[in-house]
2 protein chains.
Amino acid sequence: MSTKPDATGRTIDRSDQLDIIVDRRLRHDGQRYTTQRRALIDVLAEADAPLTLPQLLERSAGLAQSSAYRNLAVLERAGVVHRIVTSDDHARWELTEDLTEHHHHLICRGCGDVTDFTVPTDIERRLDDALADAASVAGFDATHHRLDLVGLCSRCQ
Amino acid sequence: MSTKPDATGRTIDRSDQLDIIVDRRLRHDGQRYTTQRRALIDVLAEADAPLTLPQLLERSAGLAQSSAYRNLAVLERAGVVHRIVTSDDHARWELTEDLTEHHHHLICRGCGDVTDFTVPTDIERRLDDALADAASVAGFDATHHRLDLVGLCSRCQ
DNA sequence: CTCAGTGCAAAGGATTTGCATGCCG
DNA sequence: CGGCATGCAAATCCTTTGCACTGAG
C-alpha cells in the first residue's frame with residue numbers, strides 16, 4: 001500500500017486518508033461510519049473495477065444482502081460510492097472519481113466483467129471541451145461524462 | 001421526410017429504405033417482418049431518442065407488453081435495434097447506429113429522459129484512436145464505444 | 001396445414017421495504 | 001434511554017416464460 005509523509009512528517013497511508021474523507025462525508029450527511037460500511041469501502045478500494053453485489057458479499061463475509069444494498073445507497077447519497085449499470089443483471093458500485101481518479105470502463109459482452117482504463121489527458125481535455133459545447137447547445141446541465149468501451153475481454157474472445 | 005432519387009431516377013423515401021433493410025436483416029435471421037415489428041420500427045425511427053417500453057406502447061397502440069418485449073429481442077438479435085440501460089427503471093431501445101448515425105446520449109438524472117447528441121467528427125476520430133490504443137493494451141476486442149453526458153435537462157434544472 | 005407470432009397470466013430475479021431486535025452514542 | 005443499523009422475510013416491479021390460440025404462407 002502506498003504511503004507518503006504528511007506535513008508534520010508522520011506517515012499516513014492511503015486507506016487512512018480514505019477513511020477520514022468517507023467519515024467526514026457520512027457525518028455531513030448525518031450518517032455514521034459503521035463497521036459494515038467500512039467493510040464495503042475497503043473492498044471497493046482494493047478492487048480495480050466496479051463490483052456487483054454478489055462480488056461485494058463474497059469479498060466481505062457475513063453481510064446481509066439487504067443491509068449491503070441499504071448501505072450502498074447511504075454511501076452513494078454521501079457521495080463516496082457511485083452506482084453504475086451495464087446490460088448485465090446486476091448493478092455495480094465503485095468509489096466516486098474524486099476518491100480514485102477519472103477513468104473509463106471496458107465492458108465485456110461475454111462475461112459481463114467491467115475493468116477500468118484511462119485515455120491520455122490531452123484527449124480527455126478535448127473531449128471535455130466538446131462535451132461542454134454540446135451540453136450548452138442542448139441547455140443541459142452536465143455533471144459528468146461516461147465513456148465505455150464495449151466488446152470482449154481477453155478471456156472471452 | 002427526406003427523399004432522394006435512386007439509380008433509376010425513382011424517388012424513395014427514407015422509411016422505405018429502412019423497411020427494406022430491416023426486412024432483409026430479419027429474413028437473414030429466419031424471422032418475418034410482421035405488422036407489430038414494423039410498428040415498433042416506425043416509432044423508433046420517428047423518435048430522436050431511445051424509448052422505454054411504456055413509451056413504445058403508448059406510441060403504438062394495442063401491442064401486448066410481452067409481445068413487445070419479445071419482438072424487441074428479435075429485432076435486437078437481427079441487428080436493427082439496440083437496447084440500452086441507464087440508471088432508470090426501464091431499459092430503452094433505439095435503432096442501431098448503422099441505421100441512424102453515430103451519436104451519444106444526454107441522460108437526465110431528474111426525469112430519466114435520454115436525448116441524442118453528436119460531437120465534432122475530428123474529436124470523434126481522435127477519441128476512436130485513443131480508445132483503440134487502450135483496447136489493444138488491455139487485450140480487449142472492442143466493438144463500439146458509448147459516451148454519455150449525465151446531468152439535468154433544461155426542464156429539470 | 002404448419003409453424004411462427006400473439007396475448008394473457010404466471011414465474012423470475014434484482015432490488016426495496018416492513019418490522020422486530022441489537023447496539024452505538 | 002433513543003434512534004439508527006441490521007437481518008430476515010415479504011413485497012415490488014421490470015422482464016421473461018408457459019401455454020393456448022390465431023393467422024400468414
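Everything numeric here is computed off the predicted structure, so don't read it as measured data. Protein chains get the first letters and strands the later ones, always in sequence-line order, with residue 1 at the start of each.
Between B/V85 and B/R32, the residue anchored nearer the 5' end of DNA chain D, judged by the nucleotide with its closest heavy atom, is B/V85.
Whole-Å rounding puts the B/D89 CG to D/dT15 C1' distance at 12 Å. Per the geometry, CG belonging to B/L57 stands 12 Å off P belonging to D/dC14, to the nearest Å. Note: CZ (A/R27) to P (D/dC4) measures 15 Å, nearest angstrom. Summarising the geometry, the separation between CD on B/Q65 and P on D/dG18 is reported as 17 Å, rounded to the nearest angstrom. Per the geometry, CH2 belonging to A/W93 stands 9 Å off C1' belonging to C/dA14, to the nearest Å. The distance between atom CG of B/L26 and atom C1' of D/dA24, rounded to the nearest whole Å, is 16 Å. Rounded to an integer number of Å, the gap from CG of A/L53 to C1' of C/dA14 is 9 Å. Separating the CG atom of B/L72 from the C1' atom of D/dT16 is a distance of 13 Å, rounded to the nearest angstrom.
Remark: B/D113 engages B/R155 in a salt bridge, criterion side-chain N to carboxylate O under 4.0 Å.
Minimum atom distance to the side chain of A/R83 is reached by C/dT16, of the listed D/dT15, D/dA5, C/dT16. Set against C/dT15, D/dT16, C/dC8, the side chain of B/S66 has C/dC8 as its closest nucleotide.
Only one option out of B/H102, B/H105, B/H103, B/H104 pairs with B/F117 in a ring pair (Phe, Tyr, Trp, His ring centres under 6.0 Å); it is B/H104.
Residue-level contact check: A/A73 touches neither bases nor backbone, having no heavy atom under 4.0 Å from any strand. The residue A/Q31 sits close only to the backbone: its heavy atoms come under 4.0 Å of sugar-phosphate atoms, none of a base. Residue contacts shown for A/R70 include a base, since a base heavy atom lies under 4.0 Å away. Heavy atoms of B/T34 sit under 4.0 angstrom from primed sugar atoms or phosphate atoms, though from no base atom. B/G62 comes within 4.0 angstrom of the backbone, heavy atoms only, and of no base.
For the 3.5 Å distance criterion, the side chains of B/D141 and A/Q157 fail to qualify, holding no donor opposite an acceptor. Inspection of the A/D98 and A/T96 side chains reveals an N or O donor paired with an N or O acceptor under 3.5 Å.
Here A/S67 reaches the OP1 or OP2 of D/dG7: one of its side-chain N or O atoms lies under 4.0 Å away. The shortest distance between the side-chain N/O atoms of B/N71 and the OP1/OP2 oxygens of C/dT6 is below 4.0 Å. Look at A/Y69 and you'll find a side-chain N or O under 4.0 angstrom from OP1 or OP2 of C/dT15. Applying the 4.0 Å criterion to OP1 and OP2 of D/dT6, one finds that A/Q36 has a side-chain N or O inside that range.
When all heavy atoms are compared, the tightest approach of A/L149 to B/L131 is CD2-O, 3.6 Å.
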